[in-house]
Amino acid sequence: MPALSKNPLILGIETSCDDCSVSLVQGYQKVHVLLLDSQHRVHRDYRGIVPELASRNHSKAIFHMFKDLQKKALDCGIDLGRDLDAIAVTNRPGLSGSLLVGTQFAKGLALGYNIPVIPVDHILAHFFSYRIEHDEAYPAIACVVSGGHTLFGIAHDPLRIEIVGRTLDDACGEAFDKLATFYNMGYPGGPVIDRLAQNGSPKAARFSKMPIPKNSYDISFSGLKTAATVHRSRHWNSEFEFSHEHLCASFSHVAIGMIIDRIRLLLQKEHKKGIKTIVFGGGVAVNTNLRKEMEILAREYSVSVLFPSLQYCVDNAAMIACLGCYMYQSQSQKNWNLDFGVQARVPAYRSQKGRK
Ligand code: KG4
Ligand code: ZN
């Protein structure tokens, strides 16, 4: 077997849902190229993602995106045929048709270049996305908040995350998207609601938080979503006139507040055990209020909070390449098995239920 490169050049491919992305990353932090083709305009009219359209658009986009990446790499003096060490591709979880496009494209390229193809779990990549801009920080409290997932965990290393809480229904970003759809505010809803919330009062509506359960850090957004879409008169404070700004501010206050409450409790438990870092990933991690509140919490407990910047929070292939780099260097599997699946199957997902 040839010697492993210390600073491998990895091509990342991400097609698990509606974003098609390719990226060329050297080591963990040198992102030479990152290309993203979002399908928001395709799915906007349907107010949600249509799986068949997503896979069809991935098949149309991926080849052109790869050709574009190849050109940009040449501009940086990189010849993929000569310099590429491995290809990392999302193989789960996600929409099966979409995953199929990325994994088969990766297999074909790997055959052509005669290099390994590394199957990467999308959620673990979100958990590791902070690493593109920060040094490794383990153990850490880790939180992924995206359009498809909401998970709280203790990260022991990039592939070993003890999940202690998850959403019981909607993902956090999904709740933002559904509220925005209901009130015709646009799609995806998170960025719009975030912007409008800055000019509204968080006290305009009395939405309730789901309390933290006794035995886990689980969370639920469906009650909040229902309260924000129906019975407006029941939840509205009489001194405020209804406006989208007030609605968004009140909704965000409670949605983000529930996340902060869980991180605070985790900190209270884990800080004593020496955990001094919190890492975030996923599209909702760009939320203005979440970042502000986390800064306050971090100061209160003298811990550091590591957020990826916007392009690495949302679905992107750089985080896939970055985790691929770790898996390549640590040779985490002897034979890469490139099956794909809609469910996460890595051992890290076996929840250690219970708050000790
Ligand atoms: O990580 P991501 O690109 O996709 C998934 O893996 O699901 O996250 C997309 C989600 C969408 O639901 C979007 O509404 C939400 O992230 N989002 C936000 C913000 N920006 C994007 N949610 C709240 N505040 C934001 N500023
Ligand atoms: Zn994602």
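Atoms within each ligand, like the ligands themselves, are counted from 1 in listed order. Along the sequence shown, the residues carry numbers beginning at 1.
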### Task
Of the side chain and backbone of Asp194, name the one, both, or neither that has a heavy atom under 4.0 Å from an atom of ligand 1.
side chain
## Note on the structure
Within the 4.0 Å heavy-atom cut-off, what Asp177 brings close to ligand 1 is side chain
When you compare the side chains of [X] and [Y], does any donor N or O come within less than 3.5 Å of an acceptor on the partner?
{"X": "His235", "Y": "His231", "value": "no"}
{"X": "His122", "Y": "Asn91", "value": "no"}
{"X": "Gln198", "Y": "Asp194", "value": "yes"}
{"X": "Glu136", "Y": "Tyr326", "value": "no"}
{"X": "Asn316", "Y": "Ser21", "value": "no"}
{"X": "Ser16", "Y": "Glu14", "value": "yes"}

### Query
Using the benzene-type ring in the case of Trp, are the ring centres of Phe176 and Phe221 under 6.0 Å apart?
no
#### Entry: Ring centers of Phe307, Phe280 separated by less than 6.0 Å
yes
### Task
Answer yes or no on whether Arg262 is positioned over the face of Tyr217, meaning its NZ or CZ is under 6.0 Å from the six-membered ring centre and within 45° of the axis.
no
### Message
Here's one to test your reading of the geometry: is the NZ or CZ of Arg166 within 45 degrees of the ring axis of Phe152 and under 6.0 Å from its centre?
### Response
no
### Message
I'd like to know whether Ser55 forms a side chain to side chain contact (heavy atoms under 4.5 Å, CB included) with Ser98, so could you lay out the CA-CA distance, the side-chain angles of the two residues, the decisive distance to 0.1 Å, and finally the verdict.
### Response
CA-CA 4 Å; Ser55 52; Ser98 295; 4.3 Å; yes
Give the atoms of ligand 1, by number and element, whose distance to some non-hydrogen atom of [X] is under 4.0 Å.
{"X": "Pro188", "result": "14 (O)"}
{"X": "Val314", "result": "1 (O), 3 (O)"}
{"X": "Val286", "result": "19 (C), 20 (N), 25 (C), 26 (N)"}
{"X": "His122", "result": "6 (O)"}
{"X": "His126", "result": "1 (O), 6 (O)"}

### Query
Is His126 close enough to the Zn ion (ligand 2) to have an N, O or S atom under 2.8 Å?
yes
### Message
For a distance under 2.8 Å, tell me if His122 has an N/O/S atom near the Zn ion (ligand 2).
### Response
yes
Below 3.5 angstrom, do we get any N/O pair linking [X] and ligand 1?
{"X": "Thr288", "value": "no"}
{"X": "Gly283", "value": "yes"}
{"X": "Phe176", "value": "no"}

Give the residue and atom name of whichever protein heavy atom lies nearest to [atom], and the separation in Å to one decimal.
{"atom": "atom 24 (N) of ligand 1", "value": "Asn287 ND2, 3.0 Å"}
{"atom": "atom 3 (O) of ligand 1", "value": "Asp315 N, 3.0 Å"}
{"atom": "atom 9 (C) of ligand 1", "value": "Gly147 N, 3.8 Å"}
{"atom": "atom 18 (C) of ligand 1", "value": "Gly190 CA, 3.4 Å"}

Would you say [X] touches ligand 1, if touching means a heavy atom closer than 4.0 Å?
{"X": "Arg195", "result": "no"}
{"X": "Cys313", "result": "yes"}
{"X": "His149", "result": "no"}

### Query
Relative to each other, are the rings of Phe240 and His246 parallel, tilted or perpendicular (30° and 60° limits)?
perpendicular
### Task
Would you mind naming the N, O or S atom of Asp315 nearest to the Zn ion (ligand 2)?
OD1
